[in-house]
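The structure appears below as structure tokens.
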Amino acid sequence: MDAASGTLRSVKEGYCALCYAKAKDKCAKCKRPYCSQYCQEKDWRLGHKGDCGLTDLPAPKSVPSPEAFLLKESVQSPIISEPTWRKVLDSTDMRPRVGPPRGLRNLGNTCYMSSVLQSLFHAAPVLVSACKEHRVSTCAANGSVEGGASSPSASRGAWGVAAPTNSPSACGAANGCFRCDLEAMMANCLEPRPASEESEPVDLRMGDRVLVQRLAGSPELNGQEAVIEGPMPADLEAEDARIGVRVVATNRHVKVRPANLDFCCRSATGPSEIIRWLPKLGEFNFGSQEDAHELLRSILRLIEDEEVKSVSEALRKERTSAMPEPNAELTGTPSRLFRGLLVSSVQCTDRSCGESKFSFEAFLDLSLDITEATDSVEDALKFFTAPERLDKKNGWRCEACDQIVRARKQLTIYTAPSLLVLQLKRFRYIDTGARNKVTKPVTFEASLNLRPFLWSSAVEAEAGKPLMYELRAIVVHLDKAGFSHFGHYIAFVRRRAPEGAGGNLARWYLLDDSQAIEVTEEHVLRQQAYLLLYSRAGEAAVETAVRRPGLGAVGEGGAEASQPGRCRGRGGAVCSFFACSEGLCTRCYQEEHGRAATVLAAVASTNGNAAAAAGSSGGNPGGASAKDAAAGAVAAKPKAAPAASAPAKAAAAAKAESKKVGANDKCPCGSGLKYKKCHGK
């Protein structure tokens, strides 16, 4: 890592700073190596102009941990406790599905809503499971029958849309419950039949999606998807009964026996359960064209508000004066799935000072700029985490220097979320005040390695492994001639097919309102994406609870608060404290890896010695000073080797930088992969 850089991307002598090929040219000012003028110009636009000449700045002496109120471990009374959250994860239905998803009818410019709901349902099934857990647990508490009417009765308008009403919901909320309506729409409208579910024969209806099977006269139609368009016979069991269907792939109309049709899913319906919530979701008007990204944020915000409100009502029923903590939403469903942390660092460019300041900020999604240099999502992330130079009229006041100085500012990812939402800024205002759309193609892959864009001391970065994400869904905005005030939204979602389906088990579907068409992954990767939904590889959008070292005293609300994310206890007992960044305690880590966790052994030892010294100082009747306690902590540490001189350190750093990167060495881009499998292909 460069001394001045906060990320894991580094520059090696003899290798291009952008593509890590063999370098031929150098920057005239800072001697940064490049393989071509194209790479040099692109790297300059991607952020090198804010870092040129500053790569020799000393590294920050220490990086503080985020404030306690930004960590969910500090919440004493969580909205969703850890046992309940584990129950939600275990109850999430991740079984493969047969056939295409079910579409949603366009009830009047509701394509933005359909695309977001389809993406959430397929990319974050845990969110649906959490809404279902809320309905089931609340219905049980209210004495209601589980599985009853899960959405409030509403009057239907001329469009067939549920009008806003104050009817109670399934959970008993007097003014309705958005989570119940969301779960009802997902279950009743989008949920197809699981592949492993054995059920009774389904009554076929007009508009149902079916698979044509077992046709002897037209074997080319076997396995094709079709839509029932009629006519429907009066008696489906009659010998001469035939059903008119339209083959989706060829648009061919044929009549087949009911026995030759396998049910896939019901006909598309409209998202009427969600339309009634538009006034509470924000400034959305039914029938108007709205932004999909704003709706996604509003859905997560409304779920979060309802979860906090439910805790407040529970405390009020208990007749206590307690109120939910200000940061209680950190333990809610949206934060557990979508929330991450950004760290902003500002460093004085005076070599004799090097003062640094850090601040942390939470995010639910990342908005990435599209510039002339951002050809891919990786370029956009590099531009997002690029350093910025503060000088002239935009200087920074250094507390150590006590004056306005030039500084280097950088924003990087400190904690990565379980489900990563990326928004490509395709809409912008031009000089005339009009709003237009950026139609530049930005490439993206089915997998994304987020490790090169993490802060160097982040927990995921310290693990030394790639932080891989898998693409689950994308939202695309279709336009005409680049105009942004009108258009159409579609979604592409990925589903897992059954083992016996043959071919690739990851199936992609284009969801255009009520239409659901299977497409190839290559077709998906050619789209001009507006929203990208990634989940951590192997997690299916399930949270990985990682607790940072040194947070043992935060949120000590009993054994439940200190339970590691991947540990389930032994015989009902609670596991011990964290020992590594993998979410495992000391005992579970040793059982899984066959060795003790050595990564944080030194940290634990240091913290223990410091705590012992502080404890002896606090209990000393003589009132020993903090200085004596600190001296005791230093004395308890083993003696370190004599520090090398500054010239020796510089020589060692130069030697390491000029060392040739071997095929099996870690790639200097910070991906965590070997050079031969990354940029050395």
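All residue numbers refer to positions in the sequence shown, counting from 1.
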- Do any N or O atoms from the side chain of R426 and from the backbone of V438 form a donor-acceptor pair under 3.5 angstrom? yes
- Qualifying residue for salt bridge (charged side-chain N to carboxylate O under 4.0 Å, His left out) with E13, from R32, K22, K26: K26
- Task: Apply ring pair (Phe, Tyr, Trp, His ring centres under 6.0 Å) to F360 and list each qualifying residue two or more places apart in sequence or on a separate chain.
- Result: Y414
- Candidate pair T374 and D369, rule side-chain hydrogen bond (donor to acceptor under 3.5 Å, both in side chains), full reasoning: CA-CA 8 Å; T374 53; D369 291 304; over 6 Å; no
- Task: Flag the pair T331 / I80 as yes when at least one side-chain heavy-atom distance between them is below 4.5 Å, and no otherwise.
- Result: no
- Message: Can you tell me how far apart CG (L302) and CZ (F178) are? Round to the nearest 0.5 Å.
- Response: 5.0 Å
- Sidechain-backbone polar pair: N327 side chain, L330 backbone, donor-acceptor under 3.5 Å: no
- Side-chain (N449) to main-chain (L467) donor-acceptor, under 3.5 angstrom: yes
- Item | Counterpart residues, ring pair (Phe, Tyr, Trp, His ring centres under 6.0 Å), relative to F284 (two or more places apart) | none
- Task: Check P334 against L300 and note the closest heavy-atom contact, atom names and distance.
- Result: CG-O, 3.5 Å
- For the student: nearest non-hydrogen atoms of C398 and V405, plus distance: CB-CG2, 3.6 Å
- Item | Reported CD1-to-NZ distance for the pair I79 and K72, which is rounded to 0.5 angstrom | 13.0 Å
- Message: What's the separation between atom CG in L422 and atom NE2 in H293, rounded to the nearest 0.5 Å?
- Response: 10.0 Å
- Item | L46 side chain reached by F384 side chain, heavy atoms, under 4.5 Å | no
- Message: With heavy-atom distances below 4.5 Å as the criterion, would you say the side chains of L448 and L381 are in contact?
- Response: yes
- Item | Smallest separation among heavy atoms of V493 and A473, with atom names | CG1-CB, 4.1 Å
- Task: For residues A68 and S74, report the shortest heavy-atom separation together with the two atoms involved.
- Result: O-OG, 2.6 Å
- Smallest separation among heavy atoms of R472 and A123, with atom names: CB-CB, 3.6 Å
- Is the backbone of I370 close enough, under 3.5 Å, to the side chain of K440 for a donor and an acceptor to pair up by distance? no
- Message: Within a 6.0 Å radius of atom CD on Q403, are there more than 12 heavy atoms belonging to other residues, nucleotides or ligands?
- Response: yes
- Message: Quick check: do C35 and Q40 have side-chain heavy atoms less than 4.5 Å from each other?
- Response: no
- Query: More than 12 heavy atoms of other residues, nucleotides or ligands under 6.0 Å from NZ of K49: is that the case?
  - Reply: no
- Query: Just checking, any donor-acceptor pair under 3.5 angstrom between side chains of S367 and Q423?
  - Reply: yes
- Task: Using a strict 4.0 Å threshold on nitrogen-to-oxygen distance, state whether E388 and R408 make a salt bridge.
- Result: no
- Message: I'd like to know if R301 pairs up with D305 as an ion pair, taking the criterion as any Lys NZ or Arg NE/NH1/NH2 lying under 4.0 Å from an Asp or Glu carboxylate oxygen.
- Response: yes
- Query: Shortest non-hydrogen contact from A23 to C16?
  - Reply: CB-N, 3.9 Å
- What distance separates L454 CG from T412 OG1, expressed to the nearest 0.5 Å? 8.0 Å
- Query: Are the charged groups of E399 and K357 less than 4.0 angstrom apart, N to O?
  - Reply: yes
- Task: Answer with yes or no after comparing the ring centroid distance for F363 and F338 against a 6.0 Å cut-off, counting only values under it.
- Result: no
- Item | Polar side-chain atom of K409 near backbone of S345 as donor-acceptor pair, under 3.5 Å | no
- Does a salt bridge link D43 with K382, judged by any charged N lying under 4.0 Å from a carboxylate O? yes
- Message: To the nearest 0.5 Å, what is the distance between CD1 on I474 and CD on Q528?
- Response: 10.5 Å
- Query: Got a salt bridge between R389 and D51, using NZ or NE/NH1/NH2 to carboxylate O under 4.0 Å?
  - Reply: no
- Scan side-chain atoms only and decide if T385 and Q410 contain a donor-acceptor pair under the 3.5 Å cut-off. no
- Rounded to the nearest 0.5 Å, how far does SG of C52 lie from NZ of K31? 10.5 Å
- Item | Flag, side chain of R351 to backbone of T349, donor-acceptor distance under 3.5 Å | yes
- Message: Tell me whether D25 contacts the main-chain N or O of Y34 through its side chain, where contact means a donor paired with an acceptor under 3.5 Å.
- Response: no
- With side chains defined as the heavy atoms from C-beta onward, is the minimum distance between L450 and L420 less than 4.5 Å? yes
- Query: Are the aromatic ring centres of H477 and Y530 under 6.0 angstrom apart?
  - Reply: no
- Item | E470 side-chain N/O to Y534 backbone N/O, donor-acceptor pair under 3.5 Å | no
- If we only count heavy atoms from C-beta on, is the P417 to Y469 side-chain gap below 4.5 Å? yes
